[in-house]
Structures are given as structure tokens and as C-alpha cells.
Amino acid sequence: MGPDFPRLLPGRYRVTSPRTTSYNCIAWAMGDTRRWWWPDSLGIYYWPPGWPRDAALGVFLDALGRAGFETT
């Protein structure tokens, strides 16, 4: 998988979409393949209105929770 994921073991993952500049992993998880999602403070990328624009882990966990994902 390359230097981005050095501990990812062969055969322990599957590619579910091709690499693209149209959307990122958070957008893919949210079911959106039209926009790049990111909580940047300048508002350059899409982030749902009213959600905190902060790239802290808790913000992402909250966003994924709103989409129905759960932590285990």
C-alpha cells in the first residue's frame, strides 16, 4: 500500500474505490463521491453546516457517529 500505511499487511485490506482528487476517505464513508470533506477553518472544503471546523479526532468521531458509525 506504500509509505502512507507502512503497517498495512498484504491481504488484510481491500480497495473499495479508485484513487481520486474528487473526494477523500471521509467523503467516501459519508456516501459522497462529489465533494472533498474536511473541517478546515477557512471553509475551503465541504463540511456540514453547524459542525465544528476542527480536524481533531473527536470532531471526526462525532461526524462519523452522526452518519451511523459506532466505535467498538
Side-chain angles (χ1 to χ4, degrees):
M1 201 64 192
D4 292 336
F5 303 99
R7 294 184 183 168
L8 192 60
L9 300 174
R12 301 288 306 250
Y13 66 91
R14 65 186 171 99
V15 177
T16 59
S17 69
R19 179 175 282 189
T20 178
T21 58
S22 299
Y23 59 90
N24 59 357
C25 58
I26 189 77
W28 175 255
M30 297 296 195
D32 185 351
T33 57
R34 298 176 299 117
R35 299 178 283 204
W36 195 276
W37 285 47
W38 198 256
D40 62 297
S41 61
L42 298 177
I44 296 170
Y45 302 106
Y46 176 74
W47 197 246
W51 290 16
R53 283 192 166 272
D54 180 0
L57 177 59
V59 171
F60 288 104
L61 292 175
D62 181 56
L64 291 166
R66 292 177 192 226
F69 290 90
E70 297 178 358
T71 58
T72 58

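By convention here, the first residue in the shown sequence is residue 1.
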*Determine, step by step, whether Met30 and Leu64 satisfy the side-chain contact (heavy atoms from CB on, under 4.5 Å) criterion, reporting the C-alpha distance in whole Å, the side-chain angles of both residues, the deciding distance to 0.1 Å, and the verdict.*
CA-CA 8 Å; Met30 297 296 195; Leu64 291 166; 4.2 Å; yes

*Assert yes or no for the condition that the ring centre distance of Tyr46 to Trp37 is strictly below 6.0 Å.*
yes

*Side-chain (Asp32) to main-chain (Ala27) donor-acceptor, under 3.5 angstrom*: no

*Would you please classify the geometry between the Trp38 ring and the Phe60 ring as parallel, tilted or perpendicular, with 30° and 60° separating the classes?*
tilted

*asked:* Distance check, rounded to the nearest 0.5 Å: Arg53 atom CZ versus Ile44 atom CD1?
replied: 9.0 Å

_Just by distance, no angles: are the side chains of Trp36 and Ser22 close enough, under 3.5 Å, to form a donor-acceptor pair?_
no

*Got a second to check how far Thr20's OG1 is from Trp28's CH2, nearest 0.5 Å?*
10.5 Å

*Taking every non-hydrogen atom, the tightest pair across Pro18 and Tyr23*: O-OH, 4.2 Å

_Nearest non-hydrogen partners of Pro52 and Val59, listed with the distance_ = O-CG1, 3.6 Å

*Identify whether Trp47 and Leu61 are in the same connected component of the hydrophobic contact network (ILVMFWY, side-chain heavy atoms under 4.5 Å).*
no

